[in-house]
Amino acid sequence: MTFKRLDEVLPFFGMDFEGIVEQVNKETNKQAEEIMANTNTYKGIYAMHKYWGKKPFNEISKFIEKYTMPGEVVLDSFCGSGVTLIEALKANRRCIGVDLNPLAIKLAKVSMTAVDIDEVNRQFKVITKKLKATINSLYEFEYDGEPTLVTHTIWKNDMPIEVWYSTNQSKKKIREGIDVDITMSQHPLVEAKWYPTSQMFENSRINVGQNQTVADLFTPRALVGLSLINDEIKNIEDPNIRDVFKLTLTGTLSQASNLVFVIRGRKRNEGAAPKAEVGSWVIGYWVPEEHFEINVWNCFENRFKRIIKGEKEINELFSNRENGYYENNVRLINGSATHLQLANDSVDYVFIDPPHANRILYLEQSLMWNAWLGLDKTINWNDEVIVSEAKQRKEKNAKNYNQLLDEAFAEISRVLKPGKYFSMAFNCLDDNTWIDTLNLFITHGFEITDIVPLEYSATSVIQDNRKNALKTDFVLTFKNTNNRGQESTIFKNDDLQLEADIKTILSEHPEYEVYNVMNALFERTIPQGFIYKVSRIVKVCADNMS
Ligand SMILES: C[S@@+](CC[C@H](N)C(=O)[O-])C[C@H]1O[C@@H](n2cnc3c(N)ncnc32)[C@H](O)[C@@H]1O
């Protein structure tokens, strides 16, 4: 499976990339590279639930194979949805995952636990029998002399402007919105069960306004449907199967919310309204000016289909393992990478992909999920390695970010066995980020081993394919020497020397690409206490490579 650029993938799914970028930028004042779309690029286990910043699993498995033997322990102390752990378990390694985000830990656990699929399907039938008719009744009324079921409502400035519905004869009909649509959505006749009203952090960067709550992301009708499902899931006795359904619910939330934007085709006949298509949750908590409200039962049923596909893959992978394979091989900790509850020298390999400054606000953006699971009250916001502009998180600045990342590196150096390897996914932005990151490794006693470009992750929008240009996603691998407290490396600005060094390297290895040259240079110069600026390396390489 290859990972493609968003602009290659979206048209394939009938989506117009430029149109989306334009629309999002206009309404949110954001840059294209901040956009994250759920592109369906992932399949099976990895398509069960959205998570921010998932890494390409096939790439990660190569590192696990290269740096570990079967039975050895792989740690990811920023494990997110658990891609590293799943790949480690698949390759018969043991794994330890740590993440501050309760949703991430639950997702990782479900993704590695084989459950009885017949029982999952049976539970879905129970929920269907109990709730489908009630939830659909929130969308049913007589229109034009026949019973109709509303599947999608397009709202613009709080008015229903277009409604898609089905009848006994037809699967999809379209009409204009009417007053009944407002009444049914705003004043549903069924009473809601519990739903979260947790306050969100005000943060214009992810479009969260003052005093906004999680409930504000949904219509009252959607809250009724979702709260009924949530209440019913509590009756499932088997905790593993209950977790599968909890994730089905959280996986349903975004499509059932007001965050689903309307894709308008660009081409249209004169006078005719451009055709609308269903978009997805694109960015932060942006409620688009024109957005969908989708029938909650449909959203839940569709999500369940994806979850079942994932469950089938999980069963194929793990159901024939020995009893207790999970308990013996997997350890998940909802805690902080800065305080690992692990013994010294107990890990054989570390692969991490920590948050990149303010790029994706993991905990803030996961609040919708955690709040519905009732897990938001226990979140340890203070230890999040992040830069946030949220008004109530003023302390989450670059200094705090660097300090926490430093603590996380100290912990890795403590728990990783001497002579073993530590890889980190890294998104290079500029020279300063490069030197700061290299110094994190160096000062914690790690020795540079290898730097390789990572193939596109599904969410990387901006990539540079020009010859000799440096891609932005890398994996940096270092060896644990336990030689802590080494001097930081510094920049050396000597273009003449740099050019001479590059010429020497290229004459010995004419086949080298930019990143090979960079590796060779780092290996030579770091022991001497300096590095050349990466931007200069790229420039001089471009000038000297044919
Ligand atoms: C880039 S994501 C990891 C994504 C993961 N590689 C995947 O494939 O899903 C970074 C993760 O770091 C977590 N995180 C942030 N601060 C943390 C901390 N102090 N300790 C543990 N995890 C933390 C976030 O919750 C987020 O899940």
Side-chain angles (χ1 to χ4, degrees), residues 3 36 38 41-42 45-61 63-64 74-90 95-112 247 310 331-342 350-370 375-376 378-388 393 395-396 400-412 415 423-427 454-460 472-475:
F3 286 80
M36 297 159 288
N38 196 355
T41 315
Y42 297 100
I45 301 185
Y46 296 116
M48 290 203 299
H49 202 287
K50 185 184 181 94
Y51 196 72
W52 316 102
K54 277 186 194 174
K55 280 282 169 286
F57 64 89
N58 46 349
E59 289 293 312
I60 292 186
S61 67
F63 289 92
I64 293 171
V74 176
L75 164 70
D76 184 346
S77 49
F78 294 86
C79 71
S81 60
V83 177
T84 311
L85 316 175
I86 298 164
E87 292 306 312
L89 192 61
K90 272 160 79 172
C95 59
I96 303 175
V98 179
D99 203 289
L100 270 188
N101 186 351
L103 180 279
I105 292 296
K106 203 168 267 307
L107 179 53
K109 175 174 171 273
V110 166
S111 304
M112 289 184 282
L247 282 185
R331 188 162 163 212
L332 288 172
I333 303 169
N334 183 203
S336 177
T338 56
H339 301 94
L340 296 176
Q341 311 289 314
L342 303 173
V350 178
F351 187 106
I352 62 166
D353 170 27
H356 198 288
N358 67 353
R359 199 150 175 223
I360 302 175
L361 301 167
Y362 291 92
L363 287 183
E364 288 175 48
Q365 296 201 165
S366 299
L367 183 62
M368 176 169 76
W369 295 322
N370 283 314
L375 297 173
D376 54 321
T378 58
I379 291 175
N380 170 359
W381 297 89
N382 284 341
D383 281 349
E384 188 179 16
V385 179
I386 207 81
V387 175
S388 170
R393 301 186 81 194
E395 72 290 355
K396 285 288 153 201
N400 178 268
Y401 172 88
N402 289 330
Q403 193 182 323
L404 290 176
L405 204 52
D406 191 75
E407 287 173 24
F409 269 63
E411 281 293 79
I412 289 170
V415 301
S423 301
M424 180 174 103
F426 173 63
N427 187 274
L454 187 70
E455 282 309 304
Y456 294 124
S457 62
T459 49
S460 302
T472 49
D473 286 335
F474 288 90
V475 175

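In each ligand, atom 1 is the first atom listed, and ligand 1 is the first ligand listed.
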Check whether [X] reaches the backbone of [Y] with its side chain - one donor and one acceptor, N or O, closer than 3.5 Å.
{"X": "N334", "Y": "V98", "result": "no"}
{"X": "Y401", "Y": "V387", "result": "no"}
{"X": "D473", "Y": "N427", "result": "no"}

Review point. Of all residues at least two apart in sequence or in a different chain, which pass the side-chain hydrogen bond (donor to acceptor under 3.5 Å, both in side chains) check with R393?
Key: E364, E384
Exercise for review: Describe, in one word, how the ring planes of W369 and Y51 are oriented to each other, choosing from parallel (under 30°), tilted (30 to 60°) and perpendicular (over 60°).
Suggested key: parallel
**Study point:** Beyond-backbone contact of L103 with L247, side-chain heavy atoms, under 4.5 angstrom
**Key:**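 SC-SC contact between L103 and L247 confirmed.
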Give every pair made of an N or O atom of ligand 1 and a protein N or O atom lying under 3.5 Å apart, one pair per line with both atom names and the distance to 0.1 Å, or write 'none'.
unit_1: ligand 1; atom_1: 6 (N); unit_2: D353; atom_2: OD2; d: 3.2
unit_1: ligand 1; atom_1: 8 (O); unit_2: K55; atom_2: N; d: 3.2
unit_1: ligand 1; atom_1: 9 (O); unit_2: S81; atom_2: N; d: 3.0
unit_1: ligand 1; atom_1: 9 (O); unit_2: S81; atom_2: OG; d: 2.6
unit_1: ligand 1; atom_1: 16 (N); unit_2: V385; atom_2: N; d: 3.0
unit_1: ligand 1; atom_1: 19 (N); unit_2: S336; atom_2: OG; d: 3.1
unit_1: ligand 1; atom_1: 19 (N); unit_2: D383; atom_2: O; d: 2.8
unit_1: ligand 1; atom_1: 20 (N); unit_2: A337; atom_2: N; d: 2.8
unit_1: ligand 1; atom_1: 22 (N); unit_2: L100; atom_2: N; d: 3.4
unit_1: ligand 1; atom_1: 25 (O); unit_2: D99; atom_2: OD1; d: 2.7
unit_1: ligand 1; atom_1: 27 (O); unit_2: Y51; atom_2: OH; d: 2.5
unit_1: ligand 1; atom_1: 27 (O); unit_2: D99; atom_2: OD1; d: 3.4
unit_1: ligand 1; atom_1: 27 (O); unit_2: D99; atom_2: OD2; d: 2.7

